[in-house]
Amino acid sequence: ENTVFEIPKKELLVEKFKDIFKNNVIGVIFTLIIVKIISSDAIFLKYFLIIITFGAIILEIISLIRMKIYTPKIIKIFSNFISIDDEKYSKYDIKKLMITSPNTKSETIDFGYRILKIFGNNEKKVYTLITSKNSEFKNSGKDEDYETFYKEIVKFCIVNGIEYELI
């Protein structure tokens with residue numbers, strides 16, 4: 001049975017951007033208030049707080065860019081192969097699959113990402129699977145969750161004798 005999962009990449013990235021913006025506006029305002037309260041003798045502490053705040057913002061932006069680059073739009077699971085966007089992985093080409101368990105909590109309560117790694121004959125591909133409470137995977141027009149996608153990947157591995165591991 002062919003199963004098609006569509007990841008609403010654009011909507012998820014917009015949602016993630018809004019989340020980053022909202023959290024960082026609050027963080028910057030909070031940092032500026034603390035910097036204003038700290039006495040003028042603690043110049044090092046003031047600069048340290050500012051550097052930490054902007055460092056966190058930069059890391060979140062890098063995370064957003066990583067998601068944009070490594071998140072596929074469509075994943076199709078067939079009996080003999082998996083197709084991710086324009087790339088096709090035959091059951092003979094796949095040595096091992098590593099996938100994040102649905103039980104693994106994402107790095108934030110509202111928004112996080114999971115990983116799918118495909119180890120082939122000569123290469124390793126890593127895909128970022130964005131998930132959110134508001135937007136999930138789609139399967140033939142029905143709302144599906146990450147757990148359904150995970151079960152289909154594991155079933156593909158078992159049926160085709162491919163090693164898989166949870167990360």
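Please read all numbers here as calculations on a predicted model, not as lab measurements.
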Review point. Should Ile74 and Ile84 be marked as a side chain to side chain contact (heavy atoms under 4.5 Å, CB included) after you check the CA-CA gap, both sets of side-chain angles, and the distance that decides it?
Key: CA-CA 6 Å; Ile74 296 177; Ile84 300 177; over 6 Å; no
Exercise for review: Apply side chain to side chain contact (heavy atoms under 4.5 Å, CB included) to the pair Ile153 and Ile77, showing each step before the final yes or no.
Suggested key: CA-CA 7 Å; Ile153 290 286; Ile77 304 171; 3.8 Å; yes
Practice item. Check the pair Phe17, Leu64 against side chain to side chain contact (heavy atoms under 4.5 Å, CB included), reporting the backbone distance first and the verdict last. Key: CA-CA 7 Å; Phe17 179 78; Leu64 183 68; 3.9 Å; yes
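Looking at residues two or more places apart in sequence or on another chain, you find a side chain to side chain donor-acceptor pair (under 3.5 Å) between Lys95 and Asn121. In terms of the side-chain contact (heavy atoms from CB on, under 4.5 Å) criterion, residue partners of Ile52 (sequence neighbours excluded) are, by chain and number, Phe48. For Tyr89, the ring-ring contact (aromatic ring centres under 6.0 Å, His included) test picks out no residue, with sequence neighbours left out. Every residue meeting the side-chain contact (heavy atoms from CB on, under 4.5 Å) condition with Val154, not counting sequence neighbours, appears here in chain and number order: Tyr150, Ile158, Tyr164. With sequence neighbours excluded, the residues satisfying salt bridge (Lys or Arg N to Asp or Glu O under 4.0 Å) with Lys125 are Glu87. By the side-chain contact (heavy atoms from CB on, under 4.5 Å) test, Ile61 is found to be paired with Ile57, Ile65, residues two or more places apart in sequence or in another chain being considered. With sequence neighbours excluded, the residues that form a side-chain contact (heavy atoms from CB on, under 4.5 Å) with Glu165 are Lys96, Met98.
The backbone N or O of Gly27 lies less than 3.5 Å from a partner atom in the side chain of Thr31, making a donor-acceptor pair. With hydrogens and angles ignored, the 3.5 Å screen pairs no side-chain donor or acceptor of Lys117 with any backbone N or O of Tyr127.
Between Lys155 and Glu152 there is a salt bridge, since at least one side-chain N of the basic residue sits less than 4.0 Å from a carboxylate O of the acidic one.
Remark: Thr53 OG1 to Ile34 CD1 distance equals 8.0 Å, nearest 0.5 Å. Residue Ile75 holds its CD1 atom at 8.0 Å from CG of Asp85, rounded to the nearest 0.5 Å.
The list of salt bridge (charged side-chain N to carboxylate O under 4.0 Å, His left out) pairs with a residue in residues 46-65, not counting sequence neighbours, is empty.
In this structure, Lys88 is positioned above the aromatic face of Phe81, its NZ or CZ under 6.0 Å from the six-membered ring centre and within 45° of the axis.
No more than 12 heavy atoms of other residues, nucleotides or ligands sit less than 6.0 Å from atom OH of Tyr70.
If you chain together ILVMFWY residues whose side-chain heavy atoms come under 4.5 Å of each other, Tyr47 ends up grouped with Ile43. Ile26 forms part of no hydrophobic cluster, judged by ILVMFWY side-chain heavy-atom separations under 4.5 Å.
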